[in-house]
Amino acid sequence: MLLIGSQFIGSATSRLGVEAFSALNAATGEALPTDFFVATKEEVDAACDSAQQAFSAFKSTSNEARAHFLELIADGIEALGDVLIERCSAETALPTIRLEGERGRTCNQLRIFAKVIREGSWRDVRIEPALPEREPIPRPDLRRMLVPLGPVAVFGASNFPLAFSVAGGDTASALAVGCPVVVKAHPAHPGTSEMVARAIIKAAVCAGMPDGVFSMVHGHIETGEWLVQNQFIQAVGFTGSQHAGRALCNLAAKRPSPIPVFAEMGSVNPVFILPGALAERGESLAEGLAGSVCMGVGQFCTNPGLAVAIRSDEQQAFVNRLAESVALATPGTMLTRGIKSSYQAGSGRLKSHPAVYTESEGNELETSVSGCVFSTDANSFLADEVLSAEVFGPSTLVVNCNSVEEMCEVAANIEGQLTATIHHGPGDDALTKRLTECLLGKVGRVLYNGFPTGVEVGHAMQHGGPYPASSDSRFTSVGSAAIFRWLRPVCYQNAPEDVLPPELLKSNPLGIMRQINGERTTGEG
């Protein structure tokens, strides 16, 4: 596919700017073909204006029409074939097999959202018919449902160039409920972004969607600021660093009309390994943890950057085996030179910390990095917040506790996390329950006898947790429940029949599940 490097404003292309950049081969640092032009403010505003103009018509399309649109996007991404995978691998250094799996996940989540919106109950319809004879005060006719917020800005993520990028979960869930989307492409994979953007635009045209339902711009920090501050943008989806996510939240809060930013900002994802589990399967736990730490060169938001255990002979054997396994892992190329530098700085802070012991550090090559294992004691960990900071990459810190009480104190003092894991075995029941109660207030997902890397795309997944893991712990960025970020409730009181949407009509022509007088039914209301 011939890339053009322009902005996509609805179905039109635009190239008003003079500043351009090239994508780099992540493995070699060499420039890849095609210059990509940085959007001007005029182009960003035009994309937002186009989204606003499309909103009225788009939100009124049927569930079936939007579901078909999503399925066409999935078909179009699959139709790109090997050329998409090859370009994406060059831009990210991610292996082909990983990207093929990520493409499958991307298309699968588009099709899941199509099924969800066809079913219709996502509108959360609640109806209380009028009771004019009620004493002492008659009840009015009340009909409530969820409606789309409006145009949404989505920021492509570096570590998932397909599943959390141009057609990723944020875009798919917003389009599903009728919110036009303006994407800021990630500058680390602009070629991949353009290919996917063109597939979305082609699907929009084929599905008869209003022009402007999707746009994409290229740029840097300033571009994203213009996008968040534009008056027509009503919400933001972001996956990335805490620094960048917090900056977007602050910008959105300072607007004349503040808007929500749904930012997923990373996590150290603590793994608690209880005495019974260590005694029963310590060696296999060490090998499993090493595999999770080093998977994808540690570039997952659910990477287990912290392991907590109580000192014992079994615990020491576990740490030794963990260090050996990580040392044997093949060094890997990180997504960008900037991410590699940040990883080296983060691991360097731990290496030089007086209370930290380096258990394992591999030999770093010019273009790749190795995993690291560090250890410290619970008191030092609790005394210095530097030790609880995320190191984005194949690194983990083992916290050695002297007692159950110290382990629980560590659990009670961690910041908000995406996940926490408890490995338990014989005799660990009471401690498992105690840790669970503590961690439920700290995380979005608690795992048992597993590892946090790997996030299932389904209906029951929660990917988001208390700050700073995410900006709003009430919502998920993965799974069908992600649609609720882009919706708000509206109530019609004593509305004439001809102004009601079909979801709220007494006859229920769509046949969807609704709550009538507090009871769920597909009947009339």
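For the numbers below, each heavy atom of this structure counts, side chains included, while hydrogens, waters and symmetry mates do not.
- Put simply, the side chain of Thr453 reaches to within 4.5 Å of the side chain of Pro304, judged on heavy atoms.
- Minimum heavy-atom separation, Val83 to Leu80: CG1-O, 2.8 Å.
- To the nearest 0.5 angstrom, Met334 atom CE is 12.5 Å from Thr92 atom OG1.
- For Ser165 against Pro161, the heavy-atom pair with the smallest separation is CB-O, 3.1 Å.
- For residues 302-312, the side chain to side chain donor-acceptor pair (under 3.5 Å) pairs, not counting sequence neighbours, are Arg311-Asn402, Ser312-Glu314.
- The side-chain heavy atoms of Val154 and Val182, taken from C-beta on, include no pair separated by under 4.5 Å.
- For Phe37 against Gln7, the heavy-atom pair with the smallest separation is O-NE2, 2.5 Å.
- Using a 4.5 Å heavy-atom cutoff, the side chains of Ile73 and Val196 are not in contact.
- With Arg485 as the fixed residue, the side chain to side chain contact (heavy atoms under 4.5 Å, CB included) test singles out one of Leu149, Val177, Asp170, Val236: Asp170.
- Scanning all heavy atoms of the two residues, the minimum distance from Ser158 to Leu335 falls at O-CD1, 3.6 Å.
- With a 6.0 Å radius and a threshold of 12 heavy atoms from other residues, nucleotides or ligands, Tyr357 has its OH atom at or below the threshold.
- Residue pairs that meet the ring-ring contact (aromatic ring centres under 6.0 Å, His included) test with at least one member in residues 275-300, sequence neighbours left out, are Phe160-Phe300.
- Within the 4.5 Å cutoff, the side chain of Phe8 has no heavy atoms near those of the Val183 side chain.
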*asked:* As a quick check of understanding, evaluate side-chain contact (heavy atoms from CB on, under 4.5 Å) for Leu447 and Arg445, giving each step before the final call.
replied: CA-CA 6 Å; Leu447 297 84; Arg445 178 165 54 113; 3.7 Å; yes
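- For Arg98, the salt bridge (Lys or Arg N to Asp or Glu O under 4.0 Å) criterion is met by Glu102, not counting sequence neighbours.
- To the nearest 0.5 Å, atoms OG (Ser375) and CD (Gln315) are separated by 8.5 Å.
- With values rounded to the nearest 0.5 angstrom, Lys351 atom NZ is found 4.5 Å from Cys372 atom SG.
- When side chains are defined from C-beta on, Ile422 does not count as touching Leu431, because their heavy atoms never get closer than 4.5 Å.
- Here Glu86 pairs with nothing under the salt bridge (Lys or Arg N to Asp or Glu O under 4.0 Å) rule; sequence neighbours left out.
- A donor-acceptor pair shorter than 3.5 Å can be found between the side chains of Asp377 and Ser380.
- The backbone N or O of Ala355 sits less than 3.5 Å from a side-chain atom of His353, completing a donor-acceptor pair.
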*Does the pair Thr436 and Tyr448 meet the rule for a side-chain hydrogen bond (donor to acceptor under 3.5 Å, both in side chains), with working shown?*
CA-CA 10 Å; Thr436 296; Tyr448 300 87; 2.9 Å; yes
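- Gln417 contributes atom CD, which lies 11.5 Å from atom SG of Cys301 (distance to the nearest 0.5 angstrom).
- Screening residues 404-428 for salt bridge (charged side-chain N to carboxylate O under 4.0 Å, His left out) gives Glu405-Arg434 as the qualifying pairs, with residues at least two apart or on separate chains.
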*After noting the C-alpha distance and the side-chain angles of Leu306 and Asn269, does the key distance pass the side-chain contact (heavy atoms from CB on, under 4.5 Å) rule?*
CA-CA 7 Å; Leu306 198 66; Asn269 306 294; over 6 Å; no
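- When all heavy atoms are compared, the tightest approach of Val443 to Ala420 is CG1-CB, 3.7 Å.
- Contact of the Leu227 side chain with the Thr223 side chain is not registered, since no non-hydrogen atoms from C-beta on lie closer than 4.5 Å.
- Listed by chain and residue number, Arg87 satisfy the salt bridge (Lys or Arg N to Asp or Glu O under 4.0 Å) test with Glu91 (two or more places apart in sequence, or in another chain).
- No side-chain heavy atom of Leu24 sits less than 4.5 Å from a side-chain heavy atom of Glu30.
- Taking NE2 from His463 and OG from Ser470, the interatomic distance works out to 9.0 Å, rounded to the nearest 0.5 Å.
- Residues in residues 405-443 take part in these ring-ring contact (aromatic ring centres under 6.0 Å, His included) pairs, two or more places apart or across chains: His423-Phe451.
- Classification of the Phe238-Phe155 ring pair by plane angle, with boundaries at 30° and 60°, yields perpendicular.
- The side chain to side chain donor-acceptor pair (under 3.5 Å) contacts involving residues 280-289 comprise Arg281-Asn449, Glu287-Arg321, where partners must be two or more places apart or lie in separate chains.
- Listed by first and then second residue, the ring-ring contact (aromatic ring centres under 6.0 Å, His included) pairs that reach into residues 242-274 are Phe262-Phe475, Phe262-Trp486, sequence neighbours excluded.
- To the nearest 0.5 Å, atoms OG1 (Thr421) and CG (Leu439) are separated by 9.5 Å.
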*Begin from the C-alpha positions of Arg111 and Glu78 and carry the test salt bridge (charged side-chain N to carboxylate O under 4.0 Å, His left out) through to its verdict.*
CA-CA 12 Å; Arg111 292 175 176 131; Glu78 289 172 342; 2.9 Å; yes
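- Evaluation of the ring-ring contact (aromatic ring centres under 6.0 Å, His included) rule for His459 yields no partner, not counting sequence neighbours.
- When atom types are taken as modelled, the side chain of Ser473 and the backbone of Gly465 share no donor-acceptor pair closer than 3.5 angstrom.
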*Hey, mind stepping through Val398 and Glu359 against side-chain contact (heavy atoms from CB on, under 4.5 Å) and telling me if it holds?*
CA-CA 9 Å; Val398 178; Glu359 302 282 354; 5.9 Å; no
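- Ser368 contributes no side-chain N or O that, together with a main-chain N or O of Thr333, makes up a donor-acceptor pair within less than 3.5 Å.
- The two residues Ser292 and Pro452 come nearest to each other via the heavy atoms OG-CD, 4.2 Å.
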*side-chain contact (heavy atoms from CB on, under 4.5 Å) evaluation trace for Leu322 with Val319*: CA-CA 5 Å; Leu322 173 63; Val319 173; 5.5 Å; no
*Take Glu437 and Lys433 through the test salt bridge (charged side-chain N to carboxylate O under 4.0 Å, His left out) and record every step on the way to the result.*
CA-CA 6 Å; Glu437 287 303 311; Lys433 291 179 181 179; over 6 Å; no
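- For Glu390, the salt bridge (Lys or Arg N to Asp or Glu O under 4.0 Å) criterion is met by no residue, not counting sequence neighbours.
- Residues in residues 370-403 take part in no ring-ring contact (aromatic ring centres under 6.0 Å, His included) pair, two or more places apart or across chains.
- Using a 4.0 Å cut-off between a side-chain N of Lys or Arg and a carboxylate O of Asp or Glu, Asp45 and Lys41 qualify as a salt bridge.
- Between the Lys184 side chain and the His218 main chain, no donor and acceptor come within less than 3.5 Å of each other.
- Under a 3.5 Å cut-off, the side chain of Ser370 and the backbone N or O of Glu361 do not form any donor-acceptor pair.
- Phe36 places none of its side-chain heavy atoms less than 4.5 Å from the side chain of Glu19.
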